[in-house]
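All ligand and atom numbering here is 1-based and tracks the order in the structure.
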Amino acid sequence: MNTSTITDNILSARYLRKGEKTFEDICHRVASALASDEKDRELFYEAMTSLRFLPNSPTLMNAGTEIGQLSACFTLPVPDSIPGIFDAMKQGAVIHKTGGGTGYNFSHIRAEGSPVRSTDGVASGPVSFMKAFNAATDVIKQGGRRRGANMGILNVWHPDILSFITSKKEEGSISNFNISVMVNDEFMTLVRDRKFDEIWIKHPVTGVKVTVGEIWNGIVDGIWKNGEPGVLFYDEINRHNPTPGLGDIDITNPCGEQPLLPFESCVLGSINLAACINEGKFDEELLDDTVRMAVRFLNNVIDANVYPIPEIEEATKKTRKIGLGVMGVHDALLMLKIPYDSPGGRKWCGEIMHRITETAVEESQLLAEKLGTFPEWEKSTWKERKVRNAAMTTVAPTGTISLLAGCSSGIEPVFSFAYTRMNTVGKTFFIVSPVFKEALHSTLSEKGHSGDELKKREEEVIAHVHDTGSIQDLEWLPADFRSLFKTALDISYRDHIEMQAVFQKYVHASISKTINMPNSAERKDCEEALLAAWTLGLKGITIYRTGSRDSVVLSLGNSE
Ligand code: CDP
């Protein structure tokens, strides 16, 4: 069994529409629905069929169909009133139904124990409402194809912050949410200076006080125990808010790559960097052409999109943000023989991402010359340049589309070069990374192995990788081969963070990435990682310690 068998399965389950039989049929439908002219239709079709560029799942599923909802990312405001809260729940349900994911910041909801004037009662607080949102998500499958994903955020200055942090302590509770604490520089400075006894918040009614240390330890403990909460950096997000005139940003979509204003939505699309390599050389011109095509593609989605509610259409069209990202980054590095966790790897990635963002801005400028700037351009930070889109680049998880493209997901290092994957109907497949297989073959041949002996050695290594996930302990393999083929767990968490920081430097929005830690990592490693993330200018961080959860809810490569 090989990757294409899995791909077929994903396709039939997720993307094929009535009358469609092949991936080309899907690309034909999508390109025809989105291109403004014949030339672009051909370019869109070619980029998708060659797996060099793919839009997010809702576009592949719904473009050119009656549903017509094409975006993956939505953020909804949750006001402090019963009708307002249930309006948000209803809006979320409508979005899930069409394949989108929703982010909410629950901080406007008054704290548990606060008075409710109309009923003379007391408020139940944001966490209890989150459970209601979670239950609503359970009953709606996204477009009948996947379960809805949510992000639940609480600001660190909300009085219920401790119960929020521990709300997912029980494995399986609030399972349709990723949760994140929105911290600010003031809080992080106190942590950095180890002012743990300082009172951080006082409950407005009960007077209960919470210290910096209680919150910080709660966050660190939660991460160490089961990878949550994630942490978002409010000030860093807002230092890069492209439209401060429209308000501050305190919400992101479910996987964190899109910090957005309330009611904004964003369509994502990702370029497979591995598909830009020809005969061992990275083709920069091909990348530039792909970026330009992708900006036009995603910009057209904004106009072709069928929006679930009018407020979303209005907010989205004011800023016209698009989310162009990358996938196959580790594959590309392997093909170019550059280790992921090396200065050279970071340099290459920084240069490529810089190039992508600059080219995307240039193309958006061309679009602005023809069609005008995004309507709220004057309230934006784009003083020097007239652009069609307030933000252009991001890094999505690419959980499903990277499987479709057969490449490594987003900017993540490969998890294992040989593994067994179970598809949605429970069939298992044994998969070996083709880049690894080829390199192993030539390395062993160079070492003088041949014939049956070579085959036996290859099988031995692949079985070892399948069982243990790593080749680092096979000391008889050449050192340069071992240092190139490191996996997500072989790479230190500091190198994970540094790679995220390199991309963040050039990405307009944010980045979805998991910082992997070995099972033996301690709480102090989690603390150090969080502080490093803040210092290095990340907008958010997700940490996962191997084996700390029985099942991973919604993370990379696991978006079914
Ligand atoms: O690969 P694909 O286009 O399917 O999606 P992704 O890159 O893994 O995720 C992009 C975004 O889609 C996430 O950040 C969520 O906003 C949304 N999503 C969702 O709503 N439901 C899922 N099961 C997976 C992703």
Side-chain angles (χ1 to χ4, degrees), residues 6-7 10-11 13-15 26 30 48 51 53-63 69-76 91-104 133 137-138 140-153 175-178 180 230 232 251-260 264-272 294 297-298 301 308 312 321-329 394-412 424 509-514 539-540 542 552-560:
I6 298 187
T7 305
I10 294 167
L11 276 176
R14 297 234 171 122
Y15 304 114
I26 295 169
V30 175
M48 288 188 285
L51 301 173
F53 167 81
L54 286 176
N56 55 205
S57 288
T59 304
L60 289 173
M61 289 171 186
N62 302 335
Q69 196 296 100
L70 310 176
S71 300
C73 311
F74 294 81
T75 46
L76 292 168
Q91 290 156 357
V94 174
I95 291 168
H96 290 170
K97 204 179 128 198
T98 61
T102 43
Y104 309 90
F133 278 75
T137 308
D138 260 337
I140 299 158
K141 260 197 156 191
Q142 288 173 317
R145 286 173 163 78
R146 56 185 187 183
R147 212 154 41 108
N150 297 290
M151 170 66 90
I153 300 167
S175 57
N176 301 313
F177 270 87
N178 287 331
S180 286
L232 295 165
I251 330 178
T252 75
N253 72 318
C255 300
E257 69 274 19
Q258 281 294 324
L260 295 170
E264 267 188 318
S265 66
C266 189
V267 58
L268 311 172
S270 302
I271 296 176
N272 175 4
F297 183 116
L298 298 174
V301 170
I312 293 178
K321 289 175 183 168
I322 56 172
L324 176 62
V326 286
M327 56 183 171
V329 171
T394 190
V395 177
T398 71
T400 320
I401 59 167
S402 65
L403 286 176
L404 206 55
C407 65
S408 56
S409 56
I411 62 164
E412 295 292 354
T424 38
S510 190
I511 290 170
S512 171
K513 162 137 183 59
T514 302
K539 291 180 184 171
T542 305
V552 179
V553 183
L554 173 66
S555 70
L556 309 160
N558 183 32
S559 56
E560 273 111 296

May I ask you to list the atoms of ligand 1 that are less than 4.0 angstrom from any heavy atom of G399?
1 (O), 6 (P), 7 (O), 8 (O)
To which of S57, P55, C255 does the heavy atom nearest atom 4 (O) of ligand 1 belong?
S57
Closer than 4.0 Å to some heavy atom of G100 - which atoms of ligand 1 meet that?
20 (O)
Under 4.0 Å from one or more heavy atoms of N56, ligand 1 contributes atoms 3 (O)
Looking only at heavy atoms, is any part of L268 under 4.0 Å from ligand 1, and if so is it the side chain, the backbone, or both, or is it neither?
side chain
Any donor and acceptor pair, going by atom type alone, linking the side chain of K539 with main-chain N or O of I511 inside 3.5 Å?
no
Counting both backbone and side chain atoms, is some N or O of C73 under 3.5 Å from an N or O of ligand 1?
no
Check whether any side-chain heavy atom of E412 lies under 4.5 Å from a side-chain heavy atom of T514, and answer yes or no.
yes
Given E257, M327, Q258, M61, identify the one with the heavy atom nearest to atom 14 (O) of ligand 1.
E257
Tell me which part of T400 gets within contact of ligand 1: side chain, backbone, both or neither, using heavy atoms under 4.0 Å.
both
N272 CG to S408 OG distance, which is reported to the nearest 0.5 Å
7.5 Å
N56 side chain to L70 main-chain N or O, any donor-acceptor pair under 3.5 Å?
yes
Tell me, do L54 and M48 make a side-chain contact under 4.5 Å, heavy atoms counted?
yes
Residue among T137, N150, D138 satisfying side chain to side chain donor-acceptor pair (under 3.5 Å) with N176
D138
Only heavy atoms of A396, strictly under 4.0 Å: list the atoms of ligand 1 that pass.
7 (O)
Show me which atoms of ligand 1 lie under 4.0 Å from any heavy atom of A149.
19 (C), 20 (O), 21 (N)
Report the relative orientation of the aromatic rings in F177 and F133; use parallel for angles under 30°, tilted for 30 to 60°, perpendicular for over 60°.
perpendicular
Under 4.0 Å to a heavy atom of G101 - the qualifying atoms of ligand 1, by number
20 (O)
State whether the side chain of T394 and the backbone N or O of E257 hold a donor-acceptor pair below 3.5 Å, judged by distance alone.
yes
For G99 and ligand 1, does the shortest N/O to N/O distance drop below 3.5 Å?
no
